[in-house]
2 protein chains.
Amino acid sequence: MEAQAVSLQEALREQGLRLTRQRRIVVEALDRAEGHLSARDLLRLARQADPTINRATVYRTLALLKSRGLIDELDLLHLEGVGHFYERRVEGDHAHIGCPGCGRIVEMRTELAQDLARTVTERTGFAPTSIRIEVRALCPACQASAA
Amino acid sequence: MEAQAVSLQEALREQGLRLTRQRRIVVEALDRAEGHLSARDLLRLARQADPTINRATVYRTLALLKSRGLIDELDLLHLEGVGHFYERRVEGDHAHIGCPGCGRIVEMRTELAQDLARTVTERTGFAPTSIRIEVRALCPACQASAA
DNA sequence: CTTCCTGCAAACCTTTTGCATGCCT
DNA sequence: AGGCATGCAAAAGGTTTGCAGGAAG
């Protein structure tokens, strides 16, 4: 929804936020991740770099990034568990599609989010900063086995 | 996404599901609700009709309704707390728009969900059964006070 | 030097589960 | 009668918080 720095680490610096060793480790893990990560995943990854890093620090860093709009928070329709998932906000919105049969999650880029943002502004006067689209849909394999 | 009965209660019967006193109370509360309800809200409402009704029953009923596609589950971007929200699935999709400034949630009907469902099918072969669109957006009042 | 972050541990909240009992069909 | 739903209580996650010590700017 807006221009972005090449990395979260850089984005943090641009925003004048303190860049501690722990925050660097956490954002590096998010930068490297190709998709969504749970807080638990992220803690595990961070601990590979520093085994003393604490859960609370991970949550606090996630809250910070979230409040600055640098990451998106998803829950992936509970298909992968009750917790939340995080991923770096990227240019170009995408929908998350989850199959309730097998739990598989795929992503799909879509321009419809732009349209939606425009419509929201026109019809409600609200100013969108992020859009989350999550679709529950049977994958082809599960459609076949359900038939 | 498909035709619906006039009430959840009726829908339950149509699906050949056992309609216990507790389930009736819970679905009546959902039927009466104009918008989203948390599990906690729902328990509170149900207890007005029967103070002995149990939390576990509410959760089990919600799981049942969810699995049958009769209700939608939302988390409203965590703006109202960490839990989930439920509402009867209605004809005509709508997006939930939440203001991070004041926590206000508004709904907006949108046809874009239909387009999105079509696109998903065409591009991925997945068969959508529900779509969740949640938008984080500053409301007019909060835009003004932020300026 | 000051501010704010971290680790720790406990608390908190929501949601789930095993089990014995009871209700619906 | 049989199968399934309920209530109860405890457990299981996930997430948040107060506090004392420590690191970053």
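Treat the numbers as computed from the prediction; the structure is a model and nothing was measured.
Between the CG atom of A:D50 and the P atom of C:dC5 there is a distance of 18 Å, rounded to whole Å. Rounding to whole angstrom units, CG of residue A:L19 and C1' of C:dT6 are separated by 14 Å. For A:E73 and D:dG14, the CD to P distance is 14 Å, given to the nearest whole Å. What separates CG of B:L17 from C1' of D:dC4 is a distance of 12 Å, to the nearest Å. For the pair A:D75 CG and D:dG13 P, the computed distance is 18 Å after rounding to whole Å. Following rounding to the nearest Å, B:L62 (CG) and D:dT6 (C1') show an atom-to-atom distance of 15 Å. Atom CG in A:L12 sits about 11 Å away from atom P in D:dG25, given to the nearest Å. Nucleotide D:dA5 holds its P atom 12 Å from the CG atom of B:L65, rounded to whole Å.
A donor-acceptor pair shorter than 3.5 Å can be found between the side chains of B:D41 and B:S38. Checked by atom type, the side-chain pair A:H84/B:H78 shows a donor-acceptor distance below 3.5 Å.
Base contact: A:R55 has a heavy atom under 4.0 Å from a base atom. Residue A:T52 is classed as a sugar-phosphate contact, given heavy-atom separations below 4.0 Å to backbone atoms only. Contact annotation for B:A39: backbone-only contact, meaning every heavy-atom pair under 4.0 Å involves sugar-phosphate atoms and none involves a base.
Under the 4.5 Å side-chain criterion, counting only non-hydrogen atoms from C-beta, A:R68 is in contact with A:L17.
For C:dT14, the OP1/OP2 oxygens have no side-chain nitrogen or oxygen of B:H84 closer than 4.0 Å. For A:N54, no side-chain nitrogen or oxygen approaches OP1 or OP2 of C:dT6 to under 4.0 Å. Under 4.0 angstrom from either OP1 or OP2 of D:dT15 there lies at least one side-chain N or O belonging to A:Y59. For B:Q22 and C:dC23, the shortest distance from a side-chain N or O to OP1 or OP2 is not below 4.0 Å.
Put simply, the side chain of B:R136 never gets that close to the backbone of B:G98: no donor and acceptor are under 3.5 Å apart.
Within 6.0 Å of atom CZ in B:R123, more than 12 heavy atoms from other residues, nucleotides or ligands are found, so the atom counts as buried in its surroundings.
For the pair A:T20 and A:H78, both in contact range of DNA chain C, the more 5′-proximal nearest nucleotide belongs to A:T20. With DNA chain C read from its 5' end, the first of the two nearest nucleotides for A:R47 and B:A56 is the one closest to A:R47. Between B:V82 and B:R18, the one whose closest nucleotide on DNA chain D sits nearer the 5' end is B:R18.
Judged by distance alone, with hydrogens and angles left aside, A:R60 brings no side-chain donor or acceptor close enough to the base of C:dT6 to form a pair under 3.5 Å.
Proximity note for A:R23 (side chain, C-beta onward) versus C:dC8, C:dT6, D:dC8: the nearest is C:dT6.
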